[in-house]
**Student:** 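Below: one structure in structure tokens.
Residue numbers begin at 1 in each chain, while the letters A, B, ... track the order of the sequences. None of the values given here were measured: they were computed from a predicted structure.
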Amino acid sequence: MTERFDPSQADGRWQRVWDERQTFRADDSSDKPRSFVLEMFPYPSGRIHIGHVRNYTMGDVLARYKRMQGFEVLHPMGWDAFGMPAENAAMEQGVHPGGWTRQNIANMKAQLQRLGFALDWSRELATCEPEYYGHEQALFLDLYAAGLVYRKESAVNWDPVDMTVLANEQVIDGRGWRSGALVEKRKLSQWFLKITDFAEELLEGLSTLDGWPEKVRTMQENWIGKSQGLRCTFKLAGTQDGIEVYTTRPDTIFGASFLAIAADHPLAASLAANAPELQEFIAICKRGGTTAAELETAEKLGFNTGLSVEHPLDPDWHLPVYVANFVLMDYGTGAVFGCPAHDQRDLDFARKYGLPAHRVVADGDNEALEYDSDEAYTGPGRLVNSGWMTGMSVAEAKAAIIAKAGQDGWGEAETQYRLRDWGVSRQRYWGTPIPFIHCETCGVVPVPKADLPVVLPEDVDFQTPGNPLVRHPTWKHVDCPSCGGKAERETDTLDTFVNSSWYFLRFASQPEDAPFDEAGIARWLPVEQYIGGIEHAILHLLYARFWTRALERIGKIKVKEPFASLFTQGMVTHETYTKQTTHKPVPSVLSEVEGLSFSSATPERQNSPSTSSGQTVEGGETINASEDVTIVLTQFLSPSEVRKEGGKAFEIATGEEVEVGRVIKMSKSKKNVVDPDAIVEKYGADAIRWFMLSDSPPERDLPWSEAGIEGCARFVQRLWRLFGQYDAAATGEDRALDRKRDSAVAATADDIEALGFNKAVARIYDLANAIDKAAPSASRSAAIRTLLLLVAPMMPHLAEEAWASIGEGLIAEADWPSFDPALLVEDEVTVAIQVMGKLRDTITVAKGLPKDQMEALALASDKVQRALEGKPVRKVIVVPDRLVNLVA
RNA sequence: GCGGACGUGGCGGAAUGGUAGACGCCGGGGACUUAAAAUCCCCUGAGCUUUGCUCGUGCGGGUUCAAGUCCCGCCGUCCGCACCA
């Protein structure tokens, strides 16, 4: 063996061997037990990010480990290749989105291959290719035929910067999730998927997902937002018309003191026709922002319509009707009854407009009718001041009033979901064309399956904003498949989340003439372990669950849940480096310069996360260009521009000391990024893989450091030297080392299966340390060989290189080391001796020593006798093989 | 406001109610070397009157022979959701 392990030649050599032998190709006809290990496929943005490396390394270790355990493993990779960055590149650089995307895929694939991931590249797919999206179109038509796709005119979230429609989930605090632009409402004819049909199923299914993080299940549960209550009608006094309200607190109906309707409620609109003041009020409501900060401070505003309604339990009891800014049109019925005593918003509103607040649920002993606190009571209790319901519990009253409403015909129980149908239309070029044709005579006509795929035209122009498909001279002009007359193609494309809602099925089975075949799905699904970022907790993961259930409902597949286990890994973080200079006045162009940020505030303001990617101006304050204002300009420096010495950091170019900031998520705007390729080049694939697994638990953030990666590279070399000491001819037994080896095998396996990679890494260090200290023996050689196998899933190149000289075949095809559990049993144990619960001594005794002997040995200890100070022992607790505690 | 997670050395973090700080990083000392790098060895929670003792897992209580771990009440940090009736 050579003195040093040289990744620069070994990595590529083994990668070629695996590739030539198709080592990681999943065999559909294998009779081994199967395991589908999947990491969320990347968007081909250009270069892989260190977060990808962490994600894929985890999946890779698991996949390689499963192979060693005798599983037939499916571990594929593909590209989530549609999306707006490609169009942005087209607009900015004059390139074609397809060319840009495919080039990025080629680059990123090469990067992934340099990391030595055990992937089945024969199943590689890119969602932007007709071979993929054509099948997606077919599935969309199937869902349409099943009534799960519909089109409707609706107000949509319009992003004026990206010039597209956004799903509710893509609107964050009233802004587009990508552009950060304020979202406007627009009316457009849109395609929708009926995810609400599955609201209950998707909710109930969560309880079967034992392998999912509680956090993600809770987030989805909240997103689906099930609530149960009463829908009922309040009659407009003196008419037969009524206002429908929805409430989850029908038990508080005796405490009602007003009705409030949303500003965009139809009744409000009709009343406004003849009331300019109301028109103005409605306009004010619509102007109101929706960000968290605005909502917190927003005053409850109302407009008294002068109308009144009859209380359903007493026609003579009239309640005023307000238009109110806090009532939402798109939840429930867009109208509520206000019970100020038991709802904070209603209470705020009542206090402002001088409306009564009547207690109907007792708060402890307090049964007074007049509610005088400024904090609504929402807890449990007995009903008071509530006529025939007085004395009931909240739950009893709810049931009673719902029953009564049903009998008397003014209301009924209703379950509401916050979940809305999924709008999938996007006015964009770079996506899956929606396979429909608009015919003046026949209406909306599906494209016949025989005519699929509907292929995107290549010759498109990006010089003007908007959808190039609309402007294309010929593409949309087709004959109607139904009547043969002149017709036009749908020019909207599908939301890219549709692409990622079924790709895991295509990995399992990819016939040419169908999206997948059922046998292939049955063979591999569900995914045994899915790994990705927490940012997909709602969107992608809910949509994928929905598609799987929808395809199951229409008989295409037999699985209901796509991902048996989900793991959300933490981010890779890095400290930030900043230097500050003061300037006046402010040249406005600087706000465009990457890596610069303004603030008139204190330096730590710099660390507040930006609200959108690419935004570089922070602080949020408007700066007046008056002469006495000094602007603090904070410039971020990248790690490569900084030299660290004795805990301090200096700019290499100037030698100036720079400020070391918080450890935060790597982002371009903070310049605290490292390039995986440069790391691989300098230290080798195994070192960066090892770093990704070391120290931090995988669900937590991992702080990147130069010292850390150097330590990993050193350990690679240390293992290499250790493996070089393997001596097949060595003789002699080392029982202690044998046990150490076997316990390391067992513990490492447990850790990997629990995805506790940081712990597995610690076991391996431990075993390596023990081998280092041990004298040569047959046991030591066996331990070295075992260590090699334990390390193989994590550092596959080093492992192959060493295995070549001591093993047979490829280590990637070797079995996980076995051991005799009987040998794990120690024959001696160290027992803790406590006096009054404090450790005073430890003794080494034969395993299984009887209690009385343990007690005797404990009492014989000098240290114990000193600690007892002559006091009599009152009680003795003996835990066999663990400890003795003497209570004096 | 609601929901969730977390809080342990200088740092990342270990620890089925049973020897707190495994393992790694940083740091210190030494060996080797003309020297450096690499490598190897030792030390490395704090304090003290140092064969050893005391304190120590955010804070305050409690349960227990025994608490980082369980219970109650606080404080703090992070994440998600949010005028959802």
**Student:** Got a sec, which pairs hit salt bridge (Lys or Arg N to Asp or Glu O under 4.0 Å) with one end in residues 704-724 of chain A, sequence neighbours left out?
**Tutor:**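 Those involving residues 704-724 of chain A are A:Lys682-A:Glu706, A:Arg718-A:Asp772.
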**Student:** Looking at the angle O4'-C1'-N9-C4 for a purine or O4'-C1'-N1-C2 for a pyrimidine, is B:rG47 syn or anti, with syn meaning within 90° of 0?
**Tutor:**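 B:rG47: anti glycosidic orientation.
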**Student:** With P as the reference atom in both, quote the distance from B:rA22 to B:rA37 in angstrom, rounded to an integer.
**Tutor:**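 Pairwise P distance, B:rA22 against B:rA37, rounds to 28 Å.
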**Student:** Take atom CG of A:Asp330 and atom P of B:rA85, then tell me their distance rounded to the nearest Å.
**Tutor:**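 About 13 Å, once rounded to whole Å.
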**Student:** For a salt bridge (charged side-chain N to carboxylate O under 4.0 Å, His left out) check, start with the C-alpha distance between A:Glu221 and A:Lys226, then their side-chain angles and the critical distance, and finish with the verdict.
**Tutor:** CA-CA 8 Å; A:Glu221 191 180 321; A:Lys226 181 179 181 174; over 6 Å; no
**Student:** A:Pro639 and A:Asn672: which non-hydrogen atoms are nearest, and at how many Å?
**Tutor:**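 Scanning both residues completely, I find the closest heavy atoms to be CD-CA, 4.1 Å.
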**Student:** Tell me: CE of A:Met571 to P of B:rC78, nearest whole Å?
**Tutor:**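 The answer, rounded to whole Å, is 12 Å.
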**Student:** Once Watson-Crick and G-U wobble pairs under 3.5 Å are found, how is RNA chain B written in dot-bracket notation, 5' to 3', with | for any base paired to another strand?
**Tutor:** (((((((..(((.....[....))).(((((.......))))).((((...))))..(((((..]....))))))))))))....
**Student:** Which nucleotide sits closest to the side chain of A:Lys838: B:rG52, B:rC83, B:rC55?
**Tutor:**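 Side chain of A:Lys838 sits closest to B:rC55.
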**Student:** Calculate, to the nearest 0.5 Å, the distance between atoms OG1 and CG belonging to A:Thr748 and A:Leu790 respectively.
**Tutor:**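 A:Thr748 OG1 to A:Leu790 CG: 5.0 Å, rounded to 0.5 Å.
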**Student:** Pick the C1' atom in B:rG21 and in B:rG10, then give their distance to the nearest Å.
**Tutor:**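 My reading of the C1' atoms in B:rG21 and B:rG10 gives 14 Å.
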**Student:** With sequence neighbours excluded, tell me which residues meet side chain to side chain donor-acceptor pair (under 3.5 Å) with A:Tyr246.
**Tutor:**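 With sequence neighbours excluded, A:Tyr246 shows a side chain to side chain donor-acceptor pair (under 3.5 Å) to A:Ser227, given in chain and number order.
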**Student:** What distance, rounded to whole Å, do you find between the two C1' atoms, one in B:rC40 and one in B:rU33?
**Tutor:**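 Taking atom C1' in both B:rC40 and B:rU33, they lie 13 Å apart.
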**Student:** Taking salt bridge (Lys or Arg N to Asp or Glu O under 4.0 Å) as the cut-off, I'd like each qualifying pair that reaches into residues 326-350 of chain A, sequence neighbours left out, listed once.
**Tutor:**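 Matches after skipping sequence neighbours: A:Asp343-A:Arg345.
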**Student:** Would you measure the distance from the C1' atom in B:rU63 across to the matching atom in B:rG47 and give it in whole Å?
**Tutor:**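 Straight-line distance between the two C1' atoms is 31 Å.
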**Student:** Taking ring pair (Phe, Tyr, Trp, His ring centres under 6.0 Å) as the definition, give me every residue that meets it alongside A:His540, ordered by chain and number, with sequence neighbours left out.
**Tutor:**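 Per chain and number, A:His540 pairs via ring pair (Phe, Tyr, Trp, His ring centres under 6.0 Å) with A:Tyr530, A:His536.
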**Student:** Write down the distance separating the P atoms in B:rG9 and B:rC59, rounded off to the nearest Å.
**Tutor:**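 Here B:rG9 and B:rC59 have their P atoms 10 Å from each other.
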**Student:** With A:Phe326, which residues qualify under ring pair (Phe, Tyr, Trp, His ring centres under 6.0 Å), at least two apart?
**Tutor:**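 Testing A:Phe326 for ring pair (Phe, Tyr, Trp, His ring centres under 6.0 Å), a comparison that skips the adjacent residues, returns A:Phe349.
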**Student:** For A:Tyr322 together with A:Tyr353, are the ring centres under 6.0 Å from each other?
**Tutor:**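 Ring-ring flag for A:Tyr353/A:Tyr322: true, centres closer than 6.0 Å.
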**Student:** Contact class for A:Arg840 (heavy atom, under 4.0 Å): base, sugar-phosphate, or nothing?
**Tutor:**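 Touches sugar-phosphate only.
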**Student:** Between A:Thr786 (side chain) and A:Arg741 (backbone), is there a donor-acceptor pair under 3.5 Å?
**Tutor:**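 Answer holds: no.
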**Student:** Which residues in residues 750-757 of chain A have at least one heavy atom lying under 4.0 Å from any atom of RNA chain B?
**Tutor:**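 Heavy-atom cutoff 4.0 Å gives no residues at all.
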**Student:** Taking CG from A:Leu542 and P from B:rC81, how many angstroms apart are they, rounded to a whole number?
**Tutor:**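 Answer to the nearest Å: 13 Å.
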**Student:** Rounding to the closest angstrom, what is the interatomic distance between B:rG28 and B:rA66 at atom P?
**Tutor:**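 To the nearest whole Å, 43 Å.
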**Student:** Does the ring center of A:Phe567 lie less than 6.0 Å from the ring center of A:Trp212?
**Tutor:**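 Centroid distance A:Phe567-A:Trp212: not below 6.0 Å, so no.
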**Student:** Among A:Leu702, A:Val761, A:Ile764, exactly one meets side-chain contact (heavy atoms from CB on, under 4.5 Å) together with A:Leu693. Which residue is that?
**Tutor:**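 Of the listed residues A:Leu702, A:Val761, A:Ile764, the side-chain contact (heavy atoms from CB on, under 4.5 Å) partner of A:Leu693 is A:Val761.
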**Student:** Given B:rG1, is OP1 or OP2 found less than 4.0 Å from the side-chain N or O atoms of A:Arg345?
**Tutor:**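 No, A:Arg345 has no side-chain N/O under 4.0 Å of OP1/OP2 on B:rG1.
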**Student:** Give me, pair by pair, the N or O atoms of the protein and of nucleotides 70-72 of chain B that are less than 3.5 Å apart, along with how far apart they are.
**Tutor:**
none

**Student:** Work out which heavy atom in A:Ile402 is nearest to a heavy atom in A:Gly229; give both atom names and the distance.
**Tutor:**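 Looks like CD1-O, 4.1 Å.
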**Student:** Measure the distance from CG on A:Asp374 to P on B:rG1 and round it to the nearest whole Å.
**Tutor:**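 Between P of B:rG1 and CG of A:Asp374: 16 Å.
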**Student:** A:Glu214 has an atom CD; how far is it from atom P of B:rC6, in whole Å?
**Tutor:**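 Value for this atom pair: 12 Å.
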**Student:** Of the candidate nucleotides B:rG3, B:rG52, B:rC84, which contains the atom at the shortest distance from the side chain of A:Lys863?
**Tutor:**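 Nearest listed nucleotide: B:rG52.
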**Student:** What salt bridge (Lys or Arg N to Asp or Glu O under 4.0 Å) pairs are there with at least one residue in residues 251-263 of chain A, not counting sequence neighbours?
**Tutor:**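 Residue pairs with at least one partner in residues 251-263 of chain A: A:Arg249-A:Asp251.
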**Student:** Might you point out which heavy atoms bring A:Leu883 and A:Val831 nearest each other, and give the distance in Å?
**Tutor:**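 Of all heavy-atom pairs spanning A:Leu883 and A:Val831, the closest is CA-CG1, 3.5 Å.
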**Student:** Take the protein atom NZ of A:Lys215 and the nucleotide atom P of B:rC78, then report the distance between them rounded to whole Å.
**Tutor:**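 To the nearest whole Å, that distance equals 13 Å.
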**Student:** Starting at the 5' end of RNA chain B, which residue's closest nucleotide do you reach first, A:Leu886 or A:Tyr246?
**Tutor:**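 Its nucleotide being nearer the 5' end, the pick is A:Leu886.
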**Student:** Classify A:Arg874 by what it touches in the nucleic acid, base, sugar-phosphate, or nothing, heavy-atom distance under 4.0 Å.
**Tutor:**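 Result for A:Arg874 = nothing.
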**Student:** Using the side chain to side chain donor-acceptor pair (under 3.5 Å) rule, collect all pairs that involve residues 754-767 of chain A, keeping only residues at least two apart or in two chains.
**Tutor:**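 Listed once each, the pairs are A:Trp690-A:Tyr765, A:Lys740-A:Asp766, A:Asp751-A:Arg763.
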**Student:** Provide, to the nearest angstrom, the distance between the CD atom belonging to A:Glu375 and the C1' atom belonging to B:rG1.
**Tutor:**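 Distance check: A:Glu375 CD to B:rG1 C1' gives 10 Å.
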**Student:** Taking only the C1' atom of each, what is the distance from B:rG17 to B:rG12 in whole angstrom?
**Tutor:**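 That atom pair is separated by 26 Å.
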**Student:** When the C1' atoms of B:rU50 and B:rG4 are compared, how many Å lie between them, rounded to an integer?
**Tutor:**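 Straight-line distance between the two C1' atoms is 47 Å.
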**Student:** Please tell me whether A:Tyr577 and A:Glu575 have a donor and an acceptor in their side chains that are separated by less than 3.5 angstrom.
**Tutor:**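 There is such a pair (donor and acceptor under 3.5 Å, judged by atom type) between the side chains of A:Tyr577 and A:Glu575.
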**Student:** Between protein and nucleotides 8-23 of chain B, map the contacts as a letter string: B base, S sugar-phosphate only, - none, heavy atoms under 4.0 Å, written 5' to 3'.
**Tutor:** ----BSSSB-BB--BS
**Student:** Measure all distances between protein nitrogen or oxygen atoms and nitrogen or oxygen atoms of nucleotides 38-46 of chain B, and list the pairs falling under 3.5 Å.
**Tutor:**
{"from": "B:rU39", "atom 1": "O3'", "to": "A:Arg721", "atom 2": "NH2", "distance (Å)": "3.2"}

**Student:** Could A:Arg4 and A:Trp720 be counted as a cation-pi pair, given that NZ or CZ must be under 6.0 Å from the ring centre and within 45° of the axis?
**Tutor:**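 No; the conditions do not both hold, so A:Arg4 does not lie above the ring face of A:Trp720.
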**Student:** Measure from CG on A:Asn222 to P on B:rG4 and round the result to the nearest Å.
**Tutor:**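 Rounding to the nearest Å, CG of A:Asn222 and P of B:rG4 are 9 Å apart.
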